[in-house]
Amino acid sequence: MKDKQYFNDLAHKWDEICTHPEEKIRYVMDKINIHKGNSVLDLGSGTGVILPYIEEKIGPNGKITALDFAENMIKISKEKYKDLYKNINFVVNDFYQFKTEISYDYVIAYSCYPHFKDKKAFFKKVNGLLSNNGKFVIAHIESKEKINSIHNGIESSINSDKLQPIHMLEDLVKSHGFEVIYSEDSQDYYILVCNK
Ligand SMILES: C[S@@+](CC[C@H](N)C(=O)[O-])C[C@H]1O[C@@H](n2cnc3c(N)ncnc32)[C@H](O)[C@@H]1O
């Protein structure tokens, strides 16, 4: 099964099967340092798990693009948040095809980086979407071992999506012109924050 169909089929129960404890998301957000008025791309946004936390940081003058290629995920996210927040643009599109006039202060790949299989095209795209001082974040609230074992057990194209030891990811992002400002590869988190 292809990734898009896999996530579309799961969307209606995503918020029940995935737990994202508040303290763990806050831990990640504390590493990111987003400011009031920032523009943020929430990449692979799904049902919008981190949207309220980004909103808290950017306030009503900031902007969010919630992007996902699984329309069922975005539909649920919209139902939850479109009346609550007026500064979110919900977009159904494949990230590799996504075009916009906005230069983002932050591109956040929360709990989705392994699913982007063409890494070269991925980093090029992220680079093109960021403003000159923009920051790029890859974050998971589990260890890479836990994430990899979850993906291993799934019978779809997802089972090839793996997280590497973080030093390998650091080398990869550096080879694409990013500067690493924070990294963590622990029992509880896998986080990389980079400057463009
Ligand atoms: C594991 S889910 C995480 C969703 C959300 N960030 C969360 O933590 O609940 C990964 C998401 O990435 C999306 N995704 C994967 N590849 C994508 C692509 N090429 N373009 C846009 N979205 C993509 C999937 O549809 C899915 O919703």
Side-chain angles (χ1 to χ4, degrees), residues 1-34 40-54 66-70 73 77 94-96 106-126 135-176 178-195:
M1 191 194 287
K2 292 284 180 215
D3 291 19
K4 182 174 163 181
Q5 189 192 338
Y6 175 81
F7 286 113
N8 263 328
D9 290 353
L10 271 188
H12 66 286
K13 53 181 177 186
W14 189 256
D15 287 346
E16 288 157 39
I17 58 177
C18 295
T19 46
H20 294 266
E22 181 175 339
E23 71 276 11
K24 291 200 116 185
I25 302 182
R26 288 200 184 283
Y27 180 90
V28 171
M29 295 308 285
D30 284 350
K31 303 293 176 220
I32 306 183
N33 203 18
I34 300 174
V40 181
L41 173 62
D42 179 22
L43 175 55
S45 183
T47 58
V49 167
I50 62 166
L51 293 177
Y53 301 91
I54 302 173
L67 175 89
D68 203 292
F69 68 178
M73 288 282 199
S77 184
D94 189 324
F95 176 61
Y96 295 107
Y106 282 87
V107 172
I108 303 179
Y110 175 76
S111 204
C112 65
Y113 169 73
H115 306 307
F116 294 92
K117 294 172 186 19
D118 182 345
K119 300 301 188 204
K120 193 173 168 198
F122 177 79
F123 289 116
K124 193 171 173 211
K125 190 82 190 167
V126 170
K135 291 187 175 53
F136 168 47
V137 181
I138 291 171
H140 293 264
I141 55 163
E142 313 272 10
S143 67
K144 65 178 178 310
E145 290 77 13
K146 178 95 185 276
I147 303 287
N148 291 344
S149 84
I150 293 170
H151 290 167
N152 250 340
I154 295 172
E155 281 191 29
S156 87
S157 49
I158 281 167
N159 68 13
S160 64
D161 301 346
K162 299 283 153 55
L163 286 173
Q164 309 163 287
I166 204 118
H167 70 89
M168 291 174 73
L169 179 60
E170 286 184 32
D171 289 345
L172 187 64
V173 297
K174 284 180 198 162
S175 77
H176 287 89
F178 293 95
E179 177 202 11
V180 175
I181 51 179
Y182 180 81
S183 74
E184 178 170 345
D185 183 353
S186 64
Q187 284 196 329
D188 294 313
Y189 299 96
Y190 185 91
I191 304 172
L192 190 77
V193 184
C194 319
N195 268 331

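Values below: all heavy atoms of this structure, side chains included; hydrogens, waters and symmetry mates excluded.
- Between atom OG1 of residue Thr19 and atom CD of residue Glu142 there is a gap of 7.0 Å, rounded to the nearest 0.5 Å.
- In this structure the side chain of Leu41 never reaches within 4.5 angstrom of the side chain of Phe136, judged on heavy atoms.
- Atom-to-atom distance recorded for Ile34:CD1 and Ile108:CD1 is 4.0 Å, nearest 0.5 angstrom.
- Considering only heavy atoms from C-beta on, His151 comes within 4.5 Å of His115 through its side chain.
- Two rings, from Phe122 and Tyr113, have their centers less than 6.0 Å apart.
- Looking at Cys194 and Leu192, their side chains come closer than 4.5 Å, going by heavy atoms from C-beta outward.
- Residue Gly44 comes nearest to Asp68 through the heavy atom pair C-OD2, 3.4 Å, listed as atom of the first residue, atom of the second, then distance.
- The side-chain heavy atoms of Asp42 and Tyr53, taken from C-beta on, include no pair separated by under 4.5 Å.
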| task | Carefully, step by step, assess Lys174 and Val180 under the rule side chain to side chain contact (heavy atoms under 4.5 Å, CB included). | result | CA-CA 7 Å; Lys174 284 180 198 162; Val180 175; 4.1 Å; yes

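- Of the inter-residue distances, the one linking Asn148 atom CG with Ser143 atom OG reads 8.0 Å to the nearest 0.5 angstrom.
- Between His176 and the options Lys124, Lys119, Lys120, a side chain to side chain contact (heavy atoms under 4.5 Å, CB included) holds for only Lys120.
- Heavy atoms only, all atoms of each residue included: Tyr106 and Ile32 are closest at OH-O, 2.8 Å.
- Residues meeting the side chain to side chain contact (heavy atoms under 4.5 Å, CB included) test with His12, sequence neighbours left out: none.
- In this structure, Lys24 contributes its side chain and Asp188 its backbone to a donor-acceptor pair below 3.5 Å.
- Annotation: side chain of Phe95 is in contact with side chain of Val126 (closest heavy-atom distance under 4.5 Å).
- Of all non-hydrogen atoms in Lys162 and Pro114, the two that sit nearest each other are N-CB, 4.1 Å.
- Counting only heavy atoms from C-beta outward, the side chains of Met29 and Ile54 approach each other to under 4.5 Å.
- Looking at Tyr110, its side chain never comes within 3.5 Å of a backbone N or O of Val28 through a donor-acceptor pair.
- Considering all non-hydrogen atoms of both residues, Ile191 and Lys31 come closest at CD1-CG, 4.3 Å.
- Between the CZ atom in Phe69 and the CD atom in Gln5 there is a gap of 11.0 Å [rounded to 0.5 Å].
- The CD1 atom of Ile166 sits 7.5 Å away from the CD1 atom of Ile138 when rounded to the nearest 0.5 Å.
- Using modelled atom types, one side-chain atom of Tyr190 and one backbone atom of Gln164 make a donor-acceptor pair closer than 3.5 Å.
- Asn33 is not listed as a side-chain neighbour of Lys135, based on a closest heavy-atom distance of 4.5 Å or more.
- Among residues two or more places apart in sequence or in another chain, the side chain to side chain contact (heavy atoms under 4.5 Å, CB included) test is passed with Thr47 by Trp14, Asp15, Val49, Met73, Ile76, Lys80.
- Here the closest non-hydrogen pair linking Asp118 and Tyr96 is N-OH, 3.1 Å.
- Looking at Tyr189, its side chain never comes within 3.5 Å of a backbone N or O of Tyr27 through a donor-acceptor pair.
- Closest heavy-atom contact between Cys112 and Leu43: SG-O, 3.2 Å.
- With values rounded to the nearest 0.5 angstrom, Lys144 atom NZ is found 12.0 Å from Ser149 atom OG.
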